[in-house]
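Chain letters run A, B, ... following the sequence lines, proteins first, then strands; residues in each count from 1.
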2 protein chains.
Amino acid sequence: MENIVNKIRGFNRFYTRIIGVVNNHILESRYSLSEVRVMYEIYHNPKITARQIKEIIQVDEGYLSRLIKKLVTLNIVNKIKSQDDHRISYLKLTENGEKIFLNLNQRSSDAISEIIQHLNKGEQEELILLYKKIEILLTKKGNQNAD
Amino acid sequence: MENIVNKIRGFNRFYTRIIGVVNNHILESRYSLSEVRVMYEIYHNPKITARQIKEIIQVDEGYLSRLIKKLVTLNIVNKIKSQDDHRISYLKLTENGEKIFLNLNQRSSDAISEIIQHLNKGEQEELILLYKKIEILLTKKGNQNAD
DNA sequence: AATAAATACTTGCCTATAGCAAGTATTTAT
DNA sequence: ATAAATACTTGCTATAGGCAAGTATTTATT
């Protein structure tokens with residue numbers, strides 16, 4: 001068991017570097033990782049609320065409030081006050097914000113393409129399968145027969 | 001290709017959360033992730049230098065200098081000036097520092113044990129194999145036949 | 001040997017990131 | 001009508017981390 005844990009920790013160190021490489025272009029951009037994650041959530045879920053983002057990315061709500069305010073002043077995000085509930089604003093990317101996000105997004109994809117480009121089609125598909133199996137194992141719910 | 005990249009990005013989001021869970025106890029401790037990474041490198045490589053740590057964990061050397069100074073005042077690290085080269089100090093954990101590091105280390109291991117505890121022996125070994133294959137694929141050097 | 005260049009580290013200064021707690025506005029429950 | 005809950009904001013603060021200049025020492029150049 002200890003041996004297995006150590007191997008996983010070794011992989012985690014390895015994979016932390018991979019993720020670092022992939023995120024590097026964001027750190028070199030004008031935006032922070034948190035800002036891009038917020039853009040990501042808004043892009044993939046238009047009319048999301050600050051509260052929902054907070055829950056998804058687990059960030060301090062004070063910090064998030066200021067972060068969104070900044071994105072609004074940068075003309076990246078629009079806040080649209082709900083008619084039903086005046087406490088809430090729905091968030092969406094502006095046209096400009098969408099451009100900026102999609103550009104960053106493309107560069108994330110490019111960074112990954114870079115990493116897997118030298119693999120042939122079969123290897124790439126094997127990789128995806130491996131990832132999928134890991135995700136399944138790690139999200140598998142416990143059962144009585146575990147040992 | 002795009003599809004494959006998207007799947008990898010999905011895995012990366014998933015795995016970023018896993019790593020976050022594993023690191024959570026450190027964020028709840030008295031020490032920062034960087035401090036613990038530094039302790040980790042010193043523990044695994046006694047008489048390492050600041051320069052070497054900088055290269056391994058890619059951190060600003062000014063920040064690192066102060067970080068090490070803090071660990072020294074906390075009686076976690078000792079600096080031992082090299083006799084040959086007076087610019088250099090070799091770093092080692094104090095007895096106290098080793099205790100603190102090993103405790104944090106154990107808790108990292110515990111967090112991982114937690115995640116895989118409900119898997120049976122066979123599944124755990126499968127997991128390790130999957131990790132290993134991924135690491136091999138991702139570190140594989142490119143070749144002409146790639147496609 | 002004297003001077004220049006490189007290396008290892010330190011320090012000063014500054015900004016971004018993020019956390020906590022109290023506060024405001026609005027809605028929902030009692 | 002009042003209290004409690006929700007959604008968000010604001011004030012205050014601490015920490016993380018970056019950049020550039022500075023110090024001490026060693027190595028290379030002439």
Side-chain angles (χ1 to χ4, degrees), chain A residues 16 19-20 23-42 45 47-74 76-92 104, chain B residues 16 19-20 23-42 45 47-74 76-92 104:
Chain A
T16 296
I19 289 173
N23 285 339
N24 197 45
H25 74 279
I26 291 176
L27 298 175
E28 283 169 351
S29 79
R30 234 190 308 275
Y31 309 98
S32 71
L33 279 180
S34 295
E35 284 162 353
V36 177
R37 296 201 65 190
V38 168
M39 290 187 219
Y40 176 91
E41 295 304 332
I42 296 173
N45 189 355
K47 304 211 166 165
I48 200 171
T49 65
R51 174 72 25 165
Q52 290 173 306
I53 292 176
K54 181 202 156 179
E55 242 106 72
I56 295 170
I57 71 177
Q58 307 271 59
V59 69
D60 177 74
E61 63 184 324
Y63 178 54
L64 180 61
S65 175
R66 269 183 272 257
L67 194 160
I68 290 170
K69 196 201 268 181
K70 181 185 166 195
L71 294 179
V72 169
T73 68
L74 289 174
I76 288 174
V77 166
N78 269 336
K79 290 167 81 161
I80 298 156
K81 204 147 214 168
S82 164
Q83 293 307 316
D84 307 356
D85 184 339
H86 291 298
R87 295 168 305 178
I88 293 175
S89 286
Y90 298 116
L91 304 170
K92 64 188 272 289
L104 291 165
Chain B
T16 296
I19 289 172
N23 285 339
N24 197 47
H25 74 279
I26 291 176
L27 298 174
E28 283 170 351
S29 80
R30 234 189 306 276
Y31 309 98
S32 72
L33 279 181
S34 296
E35 284 162 353
V36 176
R37 295 201 67 189
V38 168
M39 290 186 219
Y40 176 91
E41 294 304 333
I42 297 174
N45 189 355
K47 304 211 166 165
I48 200 170
T49 65
R51 174 75 21 169
Q52 291 174 307
I53 291 175
K54 182 203 157 178
E55 242 106 74
I56 296 170
I57 72 177
Q58 308 273 58
V59 69
D60 176 75
E61 64 183 324
Y63 177 54
L64 181 59
S65 174
R66 269 184 272 257
L67 193 160
I68 289 170
K69 194 201 268 181
K70 181 184 165 193
L71 293 180
V72 169
T73 66
L74 289 174
I76 287 173
V77 166
N78 268 336
K79 289 166 82 162
I80 299 156
K81 204 148 214 166
S82 163
Q83 292 308 315
D84 308 355
D85 185 339
H86 291 301
R87 294 169 304 180
I88 293 175
S89 286
Y90 297 116
L91 305 170
K92 62 186 275 288
L104 291 166

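Distance A:Leu33 CG to C:dA18 P: 8 Å, rounded to the nearest Å. Atom CG in A:Leu64 sits about 13 Å away from atom P in D:dT10, given to the nearest Å. In this entry the distance linking CG of B:Leu71 with P of C:dT10 reads 12 Å, nearest Å. The interatomic distance linking B:Arg51 (CZ) with C:dT10 (P) rounds to 10 Å, in whole Å. The distance from atom OH of A:Tyr90 to atom P of D:dA7 is 11 Å, rounded to the nearest whole Å. Atom-to-atom, CG of A:Asp85 to P of C:dA29 comes out at 12 Å; the value is rounded to the nearest Å.
When distances run from any side-chain atom of A:Ser65 to the nucleotides D:dA16, D:dT9, C:dT26, the shortest one goes to D:dT9. The nucleotide whose nearest atom lies closest to any side-chain atom of B:Arg66 is, among D:dC8, D:dC19, C:dT17, D:dC19. Considering only side-chain atoms of B:Tyr63, the nucleotide from C:dT17, C:dC9, D:dA16 that sits closest is D:dA16. Listed candidates were D:dG17, C:dT10, D:dT26. Nearest to the side chain of B:Arg87 is D:dT26. Taking only side-chain atoms of B:Ile88, from C-beta outward, the nucleotide of C:dA18, C:dA8, D:dA16 with the closest atom is C:dA8.
Close to C:dA8, at under 4.0 Å from its OP1 or OP2, lies no side-chain N or O of B:Ser89. One finds no side-chain N or O of A:Lys54 lying less than 4.0 angstrom from the OP1 or OP2 phosphate oxygen of C:dA18. Remark: A:Lys69 is in phosphate contact with D:dT10, judged by side-chain N or O atoms under 4.0 Å from OP1 or OP2.
Counting non-hydrogen atoms under 4.0 angstrom, A:Asp60 reaches a base of the nucleic acid.
Stems are defined here as 3 or more consecutive Watson-Crick or G-U wobble pairs with pairing distances under 3.5 Å; those involving DNA chain C are C:1-30 with D:1-30.
For the pair B:Val77 and B:Val38, the minimum side-chain heavy-atom distance is 4.5 Å or more.
Remark on DNA chain C: of its neighbouring residues A:Ser32 and A:Glu61, the 5'-side contact belongs to A:Ser32, judged by nearest-heavy-atom nucleotide.
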